[in-house]
Amino acid sequence: MYDLPPDRSGIRYLEMMITPIPHPDHAVGWILVQIADITERKVAEIARIKQIRVIDELINQLDKRWIESDKILQYLQKHHHIRFR
């Protein structure tokens, strides 16, 4: 009936909306329940969040390396009078 998500866990993500339908005497006569399978959207969102974390970690590593290389450059300029353009 349904395809399994990419992780093949069999977990489905559902979104539900419940709307009361009033009866003419203003009492609730019916309840409309709408259920949507949002598994594909949720799996894509989880994958996007994981990718953002990977990119964020790479940027943090680059920042740390840049700071270290700047410290080395400052040391070379101060103690060995080496200049870089």
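Everything numeric in this text was worked out from a predicted model, so none of it was measured. One is the number of the first residue; the rest follow in order along the sequence.
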**Prompt:** Would you call Arg41 and Glu15 a side-chain contact if the rule is heavy atoms closer than 4.5 Å?
**Reply:** yes

**Minimal non-hydrogen separation, Ile82 against Gln77, with atom names** = O-CG, 2.9 Å

**Item:** Rounded distance [0.5 Å steps], CD1 in Ile67 versus CG in Asp70
**Value:** 8.5 Å

**Asked** In Å and rounded to the nearest 0.5 Å, what is the CD1 to CD1 distance from Ile59 to Ile52?
**Response** 10.5 Å

**Asked** What pair of heavy atoms forms the shortest contact from Asp37 to Tyr13, and how long is it?
**Response** OD1-O, 3.2 Å

**Message:** Using 0.5 Å steps for rounding, measure from the CD1 atom of Ile49 to the CZ atom of Arg53.
**Reply:** 6.5 Å

**Request:** Spell out, yes or no, whether Leu14 and Val33 are grouped together once hydrophobic residues are joined by side-chain heavy atoms under 4.5 Å, including indirect joins.
**Result:** yes

**Electrostatic pair Arg65:Glu68 at N-O distance under 4.0 angstrom** = no

**Asked** Yes or no on side-chain contact (heavy atoms from CB on, under 4.5 Å) for Ile31 and Ile18, after CA distance, side-chain angles and deciding distance?
**Response** CA-CA 7 Å; Ile31 296 176; Ile18 300 173; 3.3 Å; yes

**Prompt:** Nearest 0.5 Å, what's the CE-CD1 distance between Met16 and Ile35?
**Reply:** 6.0 Å

**Request:** Check which hydrophobic residues are tied to Leu58 through side-chain heavy-atom contacts below 4.5 Å, counting indirect links as well, and list them.
**Result:** Val54

**Message:** Is it the case that atom CD in Glu40 sees more than 12 heavy atoms from other parts of the structure closer than 6.0 Å?
**Reply:** no

**Request:** Measure the shortest side-chain to side-chain distance between His80 and Tyr75 over non-hydrogen atoms and say whether it is less than 4.5 angstrom.
**Result:** yes

